[in-house]
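Please read the structure below before turning to the comments.
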Amino acid sequence: MRIGIFFGGPSREREISFAGGKTAFGHLDKSLFTAVPVFVDSFGRFIRLNPKWMYEKGIRSFYPPQSAPFSLYAESFPELRKSEIAPEIGERLQPEDFSSHFDFALLAMHGPDCEDGAIQGLLEWYRIPYSGPGIMGSAAGIDKILQNKMIARVNRQQKKTATLSYADWTGGDGKAIFERLKAELGLPIVIKAPHQGSSIGVSIIKNDSLDDFKKGVNQCFFRMEISAADWKQLSAQDRQEAAQKIAHLDEGIGYPVELVETSEYICHPLALIGALDACFEGKRATATLLSANAEEVILFEEFVEGQEFSCGCIQDPDGRYVALPPTEIVKVSEVFDFNSKYRPGATRKRIPIDTSFENNRRAQENVAEVAEGLGIDVCVRIDGFLTPGGDILLHDPNTIPGMSPTSLIFKQMAEIGLNVTQTITYFIRQSIRQRLNNGKDTVRLRAQLQALDRKISEGNRKFRPEQIRVVEATEEDFEQARAWWGEVNAEGKYRPVVILKLDGKFYRMTVPLMFREYIEDVRGVLEGAPDRLLEETRKKAIRITEFFGGSTNFDAEAIREGDWMTDR
């Protein structure tokens with residue numbers, strides 16, 4: 001089966017999407033599937049990418065051609081919209097021709113246009129089955145304001161929220177708005193951009209500071225105020241750096257921008273520098289930049305004290321919802337923002353939550369109830385808090401979870417015995433199963449599903465000789481062993497086995513242990529008692545594990561030195 005791996009797109013999360021696309025490209029089961037990389041550029045054009053670019057660090061490394069001193073995305077060059085795609089980059093695809101290139105679309109894209117039902121609707125129109133939730137579940141999963149209302153209807157949770165429109169912000173009294181929100185929500189106040197993922201735009205106002213509040217609100221509206229005094233004291237080099245920073249989607253507001261005072265639509269840093277220079281030639285004290293993709297309404301939430309967690313939820317072959325073991329997010333920094341999510345060492349993950357079995361189970365039950373109630377099928381990851389009083393408060397369903405090899409969804413799937421390659425196969429197979437429910441192209445989809453099921457079953461019965469790798473208990477060796485283990489799993493020719501030498505003993509590693517972040521975490525599992533919640537979850541997911549993993553061995557085996565050389 002040919003799998004079109006869709007990544008990129010116009011959203012602010014396109015680099016996270018590229019990382020997920022690379023994971024899918026590298027870990028797709030080559031005994032079952034053929035990978036077809038499909039890069040979606042800033043203008044929404046579909047490009048069958050030359051596979052060599054899948055090994056680049058980021059999108060700007062290969063597209064579009066760059067000119068010093070700036071590093072920019074394609075939207076800074078609007079003339080490219082109508083230009084031909086360079087052959088060395090790839091081949092442009094039209095949606096009506098998708099079926100000539102791939103049989104299934106694996107979506108690794110995030111944010112507006114990518115997980116809000118838009119791309120899902122396009123694919124359904126052209127009868128291409130795709131991964132993840134359908135149109136309705138995707139639409140519910142993109143809007144944080146709507147989510148809060150729907151989650152409360154499903155599980156009756158109580159959480160204080162408020163909203164603010166752009167017109168009310170720019171035409172109102174900032175101090176009065178702050179005072180009203182403090183009275184309604186108290187301090188701290190959490191501010192969110194409703195249609196953004198990866199915590200982009202999130203800010204927490206802890207202090208009774210109007211300046212901090214204004215900065216946080218403007219950040220969520222993707223609005224930036226620049227003072228003439230600050231701009232004029234910048235050197236030419238500093239102005240270039242400031243204009244470049246806007247292009248960085250994790251910290252800037254992104255091009256194109258509007259210079260509000262003159263209504264100029266600006267795509268390129270040099271044009272912005274010229275426009276600001278001209279703007280400040282007179283007596284104007286400030287200039288306002290607004291992203292072309294700004295939020296119209298932003299969300300405020302009360303700050304919730306408690307243990308922060310994230311919990312995936314999948315479906316068994318019959319469509320029943322199965323919540324995975326929740327992962328506690330232990331923050332090194334105080335705000336779980338974009339940088340703390342993706343910067344190594346900024347957070348620690350603990351599976352399950354460091355609490356009672358009953359609390360962990362209630363978290364799972366809430367997540368499964370909300371996933372089903374919101375109509376989000378196949379897979380979803382829902383974040384939440386366990387408060388000191390024992391309440392479970394959920395928020396931010398993520399319908400296309402991040403897909404780097406160490407993403408939370410892969411860690412949680414590992415706890416039921418599936419590696420990255422097997423998890424991706426699950427996403428594909430279960431998505432085809434759910435597309436059958438749409439009543440479109442049913443006969444062909446059913447045949448496609450049956451053929452894939454046969455191949456998966458045949459693969460489970462096929463003998464694969466072992467490849468052994470013995471590693472020392474160092475973080476560097478363990479990380480390298482994980483990468484090797486993932487590559488061999490994807491090839492489908494051998495069964496990789498990692499033997500860990502720890503404290504003078506040798507252990508045959510299991511799938512869950514291979515996804516532990518640090519050696520000390522591995523040691524904790526080996527020396528500790530079995531976790532009741534993990535055991536219960538594995539039993540609930542046994543049909544999934546047996547079908548996609550072919551094995552249900554979760555206990556690390558202590559062996560004598562050299563015993564791994566014996567044929568097994």
Side-chain angles (χ1 to χ4, degrees), residues 1-3 5 23-35 103-104 106 314 316-317 405 410-411 413-433 447-471 477-478 480-501 505-516 522 526 538-539 541-568:
M1 184 185 296
R2 301 167 301 169
I3 306 298
I5 301 171
T23 298
F25 182 77
H27 289 81
L28 197 69
D29 191 330
K30 295 172 180 59
S31 68
L32 296 173
F33 309 114
T34 300
D103 308 299
F104 180 93
L106 179 60
I314 58 175
D316 71 12
F410 289 130
K411 289 179 179 293
M413 291 292 278
E415 292 298 334
I416 65 167
L418 300 189
N419 59 43
V420 172
T421 294
Q422 292 160 347
T423 296
I424 293 172
T425 300
Y426 161 82
F427 289 154
I428 294 170
R429 189 270 174 199
Q430 192 60 30
S431 296
I432 296 172
R433 172 64 187 85
Q448 190 178 48
L449 180 67
Q450 291 171 349
L452 179 57
D453 282 353
R454 281 195 301 271
K455 284 198 169 185
I456 293 172
S457 298
E458 289 169 3
N460 287 337
R461 294 192 298 268
K462 183 180 178 181
F463 173 75
R464 289 187 297 155
E466 290 184 348
Q467 277 195 352
I468 308 290
R469 183 161 179 163
V470 183
V471 299
D477 283 0
F478 190 39
Q480 291 176 353
R482 275 198 297 252
W484 168 84
W485 183 75
E487 291 171 2
V488 177
N489 274 319
E491 286 295 331
K493 298 177 181 178
Y494 300 95
R495 187 153 55 96
V497 176
V498 173
I499 307 294
L500 180 69
K501 183 180 180 182
K505 298 180 181 179
F506 294 88
Y507 296 91
R508 189 180 179 92
M509 299 287 279
T510 61
V511 173
L513 285 177
M514 290 301 297
F515 280 81
R516 295 291 166 165
V522 174
L526 293 174
R538 289 163 183 166
K539 289 179 181 178
I542 191 68
R543 290 184 61 205
I544 301 170
T545 306
E546 287 180 338
F547 185 69
F548 292 97
S551 172
T552 56
N553 179 26
F554 298 103
D555 298 322
E557 179 184 357
I559 56 178
R560 291 178 300 179
E561 184 171 3
D563 277 3
W564 54 83
M565 301 303 296
T566 304
D567 289 337
R568 297 175 64 88

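Just so it is clear, the values below take in all heavy atoms, side chains as well, and ignore hydrogens, waters and symmetry mates.
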Side-chain heavy-atom pair R464, S31 within 4.5 angstrom cut-off: no

Are more than 12 heavy atoms from other residues, nucleotides or ligands located less than 6.0 Å from atom NZ of K505? no

Whether R482 engages the ring of F478 as a cation-pi pair (distance to the six-membered ring centre under 6.0 angstrom, angle to the ring normal within 45°) should be assessed. yes

Write down the atom of L106, the atom of A24, and the distance for their closest heavy-atom approach. CD2-CB, 3.6 Å

Atom CZ in R508, atom CD in E466: separation rounded to 0.5 Å? 4.0 Å

Checking D29 side chain against G492 main chain: does a donor-acceptor pair fall under 3.5 Å? no

Assess the residue pair L526 and L513 against the criterion (side-chain contact (heavy atoms from CB on, under 4.5 Å)); give the C-alpha distance rounded to whole Å, side-chain angles, the decisive distance to 0.1 Å, and a yes or no. CA-CA 9 Å; L526 293 174; L513 285 177; 3.9 Å; yes

Once rounded to the nearest 0.5 Å, what's the spacing between atom CD of Q422 and atom OG1 of T545? 9.0 Å

Kindly compute the distance separating NZ (K501) from CD (E561), expressed to the nearest 0.5 Å. 6.5 Å

Please tell me if the side chains of I432 and M1 come closer than 4.5 Å, counting only heavy atoms from C-beta onward. yes

Where is the tightest heavy-atom contact between F515 and A414, given as atom of each residue plus distance? CD1-CB, 3.3 Å

Straight-line distance of Y507 OH to I499 CD1, nearest 0.5 Å: 12.0 Å

Search all heavy atoms of I5 against all heavy atoms of A35 and return the closest pair with its distance. CD1-CB, 3.9 Å

Parallel, tilted or perpendicular: which fits the ring planes of F427 and F410, with parallel below 30° and perpendicular above 60°? tilted

Within a strict 4.5 Å, meaning less than it, do heavy atoms of the L452 and F33 side chains meet? yes

Going through the distances and angles, do I314 and Q430 end up as a side-chain contact (heavy atoms from CB on, under 4.5 Å)? CA-CA 9 Å; I314 58 175; Q430 192 60 30; over 6 Å; no

Applying the side chain to side chain contact (heavy atoms under 4.5 Å, CB included) test to H27, which of T423, I424, T425 qualifies? I424

CA sep, side-chain torsions, deciding dist, call: I3, L32, side-chain contact (heavy atoms from CB on, under 4.5 Å): CA-CA 10 Å; I3 306 298; L32 296 173; over 6 Å; no

Looking only at heavy atoms, what is the nearest atom pair of P405 and T23, with distance? CD-OG1, 3.2 Å

Contact between I559 and F506 at the side-chain level, heavy atoms closer than 4.5 Å - yes or no? yes

Exercise: identify the closest heavy-atom pair between L418 and G549: CD2-N, 3.6 Å

Can W485 and V471 be said to form a side-chain contact (heavy atoms from CB on, under 4.5 Å), step by step? CA-CA 12 Å; W485 183 75; V471 299; over 6 Å; no

Look at the side chain of Q450 and the backbone N and O of A447, then say whether any donor-acceptor pair between them is shorter than 3.5 Å. no

Suppose the criterion is salt bridge (charged side-chain N to carboxylate O under 4.0 Å, His left out): which pairs have a residue in residues 543-553, not counting sequence neighbours? D318-R543

Locate the shortest heavy-atom distance separating R538 from P512; write the atom from each residue and the value. NH2-CG, 3.7 Å

Using 0.5 Å steps for rounding, measure from the CD1 atom of I468 to the CZ atom of R495. 8.5 Å

Here's one to test your reading of the geometry: is the NZ or CZ of R429 within 45 degrees of the ring axis of F548 and under 6.0 Å from its centre? no

Quick one: CG on D477 to CZ on R469, what's the gap to the nearest 0.5 Å? 7.5 Å

